[in-house]
Amino acid sequence: MNKVKVQGERWFPSENSFSDELKDLWGDWYCDSEVGKLRSVLMHRPGKEVEGITEHNFSEYRFRAPMNPERARYQQEALADVYRNHGIDVHYVQNQRVDRPNAMFMRDLMLMTPEGAIVCRPAIPARRGEERAVAATLASLGVPIIKTINGDGYFEGASAMWINRETVIIGTGSRTNDSGARQVEAELQNIGVKNIIRTEIPYGSIHLDGYMNMVGENKLLVFPWHVGYDCAKKLMDLGIELIELHDIEELKQGMSMNFVALEPGKVVTPAGSPNTKALLESHGVEVLEVEMDEVMNGWGAIHCMTAFLKRDPVLPK
Ligand SMILES: NC(=[NH2+])NCCC[C@H](N)C(=O)O
């Protein structure tokens, strides 16, 4: 008589959550804010792709002016040195395409979350495809990819801004459509984000970081004429202090809001915007400056070039 035996031991699933196991199984990656102490970033060193940007073609790539590759690399390296000097790990994208001059603006290609990265889908044809090398690099580092924007959606990382573990702003406009925004919202809800503030990005801007940026826990620098009233109201109701920057020349020409917080109350910012610097200092923010004029010819600066891989958590008030 052939007896099939039930094996003595049962194989039970682990009831641990993904985030309980993230550190052990993948690595120490996390981001739920723009200001929690910065530990690790992903950048792309401008390679061959920026060597052919001239007077004749710069606007095709949505650059502001031709770019001197050597100077741009030098300025990016100076920024990376500031990060390294603050104990931040700087990782670089591997094997990026050589026909995508905007690839250095890493912010737009991924959005880090507490459980891993969302790989974006850039909106403009001149950028589409940059995300593939980013996905491969994330995989090789061991950063989980929790979502890749697909279907008819497009979404760029700078269309979202973390306020704290429970709150994220998402802006739709020329770089993020409703489908892209909904895909991101679904992922954020899945990992416990409670307040998603949807807002419209004005015609004259492409990303949220063109007119808002966090400088400390519960402290947001804004250009008040761009922030929708409903968005501002929701933020204030959540206890977020809005600091108003009024200098449109510094904001647009000097990209003075395009900074990265190294920790709450300490930012590294493009040099040359004294009014913004004074405003930040008057709110107790320490400001480090780095020359960025060459990089700015690509119409991006410090915040645009820096994707976060790890920040310390920031819990809601
Ligand atoms: N996060 C940002 N603000 N990125 C700016 C990207 C600039 C780039 N030339 C583009 O049009 O895509």
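Every number for a ligand or one of its atoms is a count from 1 in the order of the listing. Note that the numbering runs from 1 along the sequence shown for the chain. No hydrogens, no waters, no symmetry mates; every other heavy atom, side chains included, goes into these values.
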> With distance as the sole criterion, is a donor-acceptor pair present between the side chains of Y30 and D32 under 3.5 Å?
Replying inline: yes

Contact table ligand 1 N or O to protein N or O, d under 3.5 Å:
residue, atom, partner, partner atom, Å
ligand 1, 1 (N), D108, OD1, 2.9
ligand 1, 1 (N), D209, OD2, 3.0
ligand 1, 3 (N), H207, ND1, 3.3
ligand 1, 3 (N), D209, OD1, 2.9
ligand 1, 3 (N), D209, OD2, 3.4
ligand 1, 4 (N), D108, OD2, 3.0
ligand 1, 9 (N), R62, O, 3.0
ligand 1, 9 (N), N102, OD1, 2.7
ligand 1, 9 (N), G298, O, 2.8
ligand 1, 11 (O), R62, NH1, 2.9
ligand 1, 11 (O), R175, NH2, 2.8
ligand 1, 12 (O), R127, NH1, 2.8
ligand 1, 12 (O), R175, NH1, 3.0
ligand 1, 12 (O), R175, NH2, 3.4

Exercise answer: donor-acceptor pairs, residues 138-153 side-chain atoms, under 3.5 Å, sequence neighbours excluded:
residue, atom, partner, partner atom, Å
S140, OG, T137, O, 2.9
K147, NZ, N150, OD1, 3.3
K147, NZ, Q183, OE1, 3.4
D152, OD1, S179, OG, 2.8

> Can you tell which of M106, R39, R107 makes a side chain to side chain contact (heavy atoms under 4.5 Å, CB included) with F308?
Replying inline: R107

Anything under 3.5 Å between a donor and an acceptor, one on a side chain of residues 244-251, the other on a protein residue two or more places apart or in another chain? List them.
residue, atom, partner, partner atom, Å
E244, OE1, H246, NE2, 2.8
D247, OD1, E249, N, 3.2
D247, OD1, E250, N, 2.9
D247, OD2, N275, ND2, 2.7
E250, OE1, N275, N, 3.3
E250, OE1, T276, N, 2.7
E250, OE1, T276, OG1, 2.6
E250, OE2, N275, N, 2.9

Distance-only donor-acceptor hits, side chain of residues 156-163, under 3.5 Å, sequence neighbours excluded:
residue, atom, partner, partner atom, Å
E156, OE1, R175, NH1, 3.0
E156, OE1, H207, NE2, 2.6
E156, OE2, A123, N, 2.9
E156, OE2, R175, NH1, 3.2
S159, OG, E156, O, 3.1
S159, OG, T176, OG1, 2.7
W162, NE1, M112, O, 3.0

> Under 6.0 Å from the CD atom of E51, do we count more than 12 heavy atoms belonging to anything else shown?
Replying inline: yes

